[in-house]
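Just so it is clear, the structure is predicted and the values come from calculations on it, not from any experiment.
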Amino acid sequence: MSQQVFITGAASGIGLAMASAFVAEGAKVTLLDRDSDRVEAARADLAKEAGAAVWAMTADVAEAAEMTQAIAAAARAMEGLDVVIANAGIGLTKPFLETTPEAFAAVHAVNIRGVFHTIWAGAREMIARGQAGSLLVNASVTGLRPSTERAAYGSSKAAAINLAQVAAIELAPQGLRVNAICPGPVATPLTEVMHDGPTRQEWETRVPMQRYGTPEEIADLAVFLASPRASYINGQAIAVDGGWTIAGLMPQR
């Protein structure tokens, strides 16, 4: 796979798993994260497998100018850009009435403004270079179905899905595809913080497969959606959730 891939939030969790999966396919990969130490450590680990085909950058996805500059720099470094993944995100578990306006705005700054900045700048860079490509948004099943205590997080992910689908319609004539990946519960550093014991038990009870997913299972879908094998898949929000979104009544025997 001779792709040039740009991934936000790539220092750990799903983003790092995506980077590793693309590296394994022979892609050039640029990792972006706001934590400079962690993203450089991730780059160094991946570079052991990929030599000079991995780059690390630091930026805040909530800042449009920073993202435009970072994506342009990544495209220059990799000598092209044909996959952009808006993966960076933050979580918040709070009851609706305890969610402050400030906390709501902070989550949306990363989870929807950051997504817009990433795919907007990525699409413009691809079009300027005359490259067809794939843009992916890492959303969530809580953007497909409402969940309690997810007023900020769930609404940001629902907005991200809608944004991806609007972009998919408008960018298709330019040779760009846009899809949203919607993970269910996945074992990552973020869910270790967000999910306490009762929350974890609830997920494992309500997911028909009765387990959390792995970052690698999400990464496998990203690699597929970015590949020519998915050339007619556009504007989709695909749940990777062990069946949670389709589960109805599940009596505990």
Worksheet item: Any side-chain heavy-atom pair from Thr99 and Val107 closer than 4.5 angstrom?
Response: no
Worksheet entry | For the student: nearest non-hydrogen atoms of Leu171 and Ala123, plus distance | CD1-CB, 3.7 Å
Worksheet item: Under a single-linkage definition using a 4.5 Å side-chain heavy-atom cutoff for Ile, Leu, Val, Met, Phe, Trp and Tyr, are Met78 and Leu32 assigned to the same hydrophobic cluster?
Response: yes
Discussion item. Within the 4.5 Å heavy-atom criterion, are Leu163 and Val137 side-chain neighbours or not?
Written reply: no
Discussion item. If you count every heavy atom of other residues, nucleotides or ligands that lies below 6.0 Å from Arg177 atom CZ, does the total exceed 12?
Written reply: yes
Worksheet entry | Closest non-hydrogen atom pair between Leu46 and Ala19, with its separation | CD1-CB, 3.7 Å
Worksheet item: If we only count heavy atoms from C-beta on, is the Asp196 to Thr199 side-chain gap below 4.5 Å?
Response: yes
Practice prompt. Find out if a path of hydrophobic residues (ILVMFWY) with successive side-chain heavy-atom gaps under 4.5 Å connects Ile90 to Ile112.
Written response: yes
Worksheet item: Is the closest side-chain heavy-atom distance between Val110 and Val61 below 4.5 Å?
Response: yes
Worksheet item: Looking at residues at least two apart in the chain, or sitting in another chain, which of them share a side-chain contact (heavy atoms from CB on, under 4.5 Å) with Ile169?
Response: none
Worksheet, complete the sentence: Minimal heavy-atom distance between Met57 and Ala74, with the atoms involved, is CE-N, 3.3 Å
Worksheet, complete the sentence: For Ala239 and Thr245 the tightest heavy-atom approach is CB-OG1, 3.9 Å
Practice prompt. For residues Ser134 and Ala226, report the shortest heavy-atom separation together with the two atoms involved.
Written response: OG-CA, 3.7 Å
Worksheet entry | Close side-chain approach of Met67 to Trp120, heavy-atom, < 4.5 Å | no
Worksheet item: What is the minimum heavy-atom distance between Met126 and Gly133, and which atoms define it?
Response: SD-CA, 4.2 Å
Discussion item. Quick check: is Phe224 connected to Leu136 through a chain of hydrophobic side chains (ILVMFWY, heavy atoms under 4.5 Å apart)?
Written reply: yes
Practice prompt. Look at the aromatic rings of Trp203 and His195 and report parallel, tilted or perpendicular, splitting at 30° and 60°.
Written response: parallel
Practice prompt. Could you check if a side-chain atom of Pro183 sits within less than 4.5 angstrom of a side-chain atom of Asn138, using non-hydrogen atoms only?
Written response: yes
Practice prompt. State, yes or no, whether a side-chain contact exists between Pro95 and Thr148 at a heavy-atom distance under 4.5 Å.
Written response: no
Item to complete: For Arg150 and Thr93, run side-chain contact (heavy atoms from CB on, under 4.5 Å): C-alpha distance rounded to whole Å, both residues' side-chain angles, the deciding distance at 0.1 Å, then the answer.
Response: CA-CA 6 Å; Arg150 300 294 192 277; Thr93 302; 3.4 Å; yes
Worksheet item: Within a strict 4.5 Å, meaning less than it, do heavy atoms of the Val54 and Leu31 side chains meet?
Response: yes
Worksheet item: For Gln201, does the CD atom sit with more than 12 other heavy atoms under 6.0 Å from it, leaving out its own atoms?
Response: no
Worksheet item: Does CZ belonging to Arg124 count more than 12 external heavy atoms closer than 6.0 Å?
Response: no
Discussion item. Assigning hydrophobic clusters by single linkage (Ile, Leu, Val, Met, Phe, Trp, Tyr; side-chain heavy-atom cutoff under 4.5 Å), is Ile238 placed with Val83?
Written reply: yes
Item to complete: Look at Arg211 together with Glu217 and state whether they make a salt bridge at an N to O cut-off of under 4.0 Å.
Response: yes
Worksheet item: Is Leu225 reachable from Val186 through a run of hydrophobic residues whose side-chain heavy atoms are each under 4.5 Å from the next?
Response: yes
